[in-house]
Amino acid sequence: MTTTSPTPIPTTDLTIIQVLMSDPRVAPLLRELGDEYSTRYGRDAHTELARYPDEEFTAPYGGALLLLLQHGDPVAGGAFRRYDGTTAELKRIWTHSAHRRRGLARRVVAALEHEAAGRGYRRIHLTTGPRQPEARALYLTTGYTPLFDTGADPETIGPLPFEKHLRPAPPQREAAGL
């Protein structure tokens, strides 16, 4: 049996945009995320995804929602919300099922970290479920510190917490002559 790796997507084909939760391009991805969580955990996860008000993922409330587009179509995304004065909390990281295993989630996480650092956050906090080994691996390989015993059975822990300290964003240069 021969397996092939998915074809990497050239960077020039991808665009990251910031949108509101009400953007129609967000709904199908969140629906798929909710369906997947419901299947993995055996209960309706759509309510959990709606737990936080949409406003928490907007700039005035300290958050952001980013979509990764390929030729204008959403293929991945994620968000952060204010956790405390210096910490952002990653939420709703997803990749469309037809576009997985291409490094897209890594790009989304990096973009979220960059955006959070640019807003003055110095730390990222997140949790992922014990039945999401792909997410656990993503965070471990992108420099997040597990705040749990990695040798323990994830099912005995519950949500798996991680953190990452961010480098301060470089200062913005003022436009010449302004």
Side-chain angles (χ1 to χ4, degrees), residues 1-11 13-19 21 25-52 57 63-70 73-81 83 87-116 123-166:
M1 176 180 187
T2 304
T3 60
T4 59
S5 298
T7 305
I9 298 174
T11 303
D13 291 349
L14 297 172
T15 306
I16 292 182
I17 61 169
Q18 188 168 330
V19 298
M21 202 62 72
R25 294 170 290 190
V26 174
L29 294 171
L30 285 180
R31 188 171 39 256
E32 182 182 42
L33 182 62
D35 291 347
E36 183 166 332
Y37 286 176
S38 296
T39 299
R40 287 185 187 213
Y41 294 100
R43 62 184 182 278
D44 182 23
H46 296 279
T47 303
E48 172 61 25
L49 287 174
R51 181 169 73 153
Y52 299 103
F57 301 101
L65 171 63
L66 304 180
L67 286 180
L68 181 63
L69 307 177
Q70 181 183 16
D73 295 322
V75 294
F80 67 80
R81 60 187 282 277
Y83 187 74
T87 306
E89 179 181 21
L90 293 191
K91 303 297 285 179
R92 302 175 179 164
I93 308 298
W94 70 89
T95 301
H96 187 284
S97 59
H99 298 279
R100 293 192 178 150
R101 307 211 38 89
R102 295 179 178 173
L104 300 180
R106 284 177 177 263
R107 292 179 192 214
V108 169
V109 169
L112 289 167
E113 290 171 357
H114 179 79
E115 184 69 24
R123 178 178 168 258
I124 298 275
H125 168 78
L126 66 90
T127 59
T128 192
R131 296 181 187 170
Q132 295 168 247
E134 306 89 347
R136 177 181 167 156
L138 169 68
Y139 301 126
L140 288 171
T141 60
T142 54
Y144 283 79
T145 300
L147 302 175
F148 59 93
D149 178 359
T150 57
D153 176 1
E155 291 288 332
T156 66
I157 299 170
L160 308 176
F162 290 86
E163 75 173 357
K164 185 175 188 179
H165 293 274
L166 300 174

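Residue numbers run from 1 in the order of the sequence given.
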Mind checking the [atom1]-[atom2] spacing from [X] to [Y]? Nearest 0.5 Å is all I need.
| X | Y | atom1 | atom2 | value |
| --- | --- | --- | --- | --- |
| S97 | L29 | OG | CG | 9.5 Å |
| I157 | L160 | CD1 | CG | 5.5 Å |
| D73 | L67 | CG | CG | 11.0 Å |
| L138 | T128 | CG | OG1 | 8.5 Å |
| E36 | R131 | CD | CZ | 13.0 Å |
| R123 | E89 | CZ | CD | 10.0 Å |

Looking only at heavy atoms, which two atoms of [X] and [Y] are closest? And how far apart?
| X | Y | result |
| --- | --- | --- |
| G78 | I93 | CA-CD1, 3.8 Å |
| I124 | T87 | C-CG2, 4.2 Å |
| P159 | T127 | CB-CB, 4.1 Å |
| A88 | F80 | CB-CD1, 3.8 Å |
| P154 | P130 | O-CB, 3.2 Å |
| T142 | K164 | O-NZ, 2.6 Å |

(message) Run the salt bridge (charged side-chain N to carboxylate O under 4.0 Å, His left out) test against E32 and tell me which residues pass, sequence neighbours left out.
(response) none

Any [X] side-chain heavy atom under 4.5 Å of [Y] side chain:
| X | Y | answer |
| --- | --- | --- |
| H165 | T145 | no |
| Q18 | E115 | yes |
| Y41 | Q132 | yes |
| F57 | K91 | yes |

Do any N or O atoms from the side chain of [X] and from the backbone of [Y] form a donor-acceptor pair under 3.5 angstrom?
| X | Y | value |
| --- | --- | --- |
| R92 | L65 | no |
| R25 | P74 | no |
| S38 | R43 | yes |
| T95 | A76 | no |

(request) Answer with yes or no whether the side chains of R106 and T141 bring together a donor and an acceptor at under 3.5 Å. (result) yes

(message) Using the rule given for side chain to side chain contact (heavy atoms under 4.5 Å, CB included), can you reason through H96 versus L104, listing the C-alpha separation, both sets of side-chain angles and the distance that settles it, and then say yes or no?
(response) CA-CA 10 Å; H96 187 284; L104 300 180; over 6 Å; no

(request) Describe, in one word, how the ring planes of Y139 and F162 are oriented to each other, choosing from parallel (under 30°), tilted (30 to 60°) and perpendicular (over 60°). (result) tilted

(request) Sequence neighbours left out, what passes ring pair (Phe, Tyr, Trp, His ring centres under 6.0 Å) with Y52? Give chain and number order. (result) none

(request) Please check if atom CZ in F148 has more than 12 non-hydrogen atoms from other residues, nucleotides or ligands closer than 6.0 Å. (result) yes

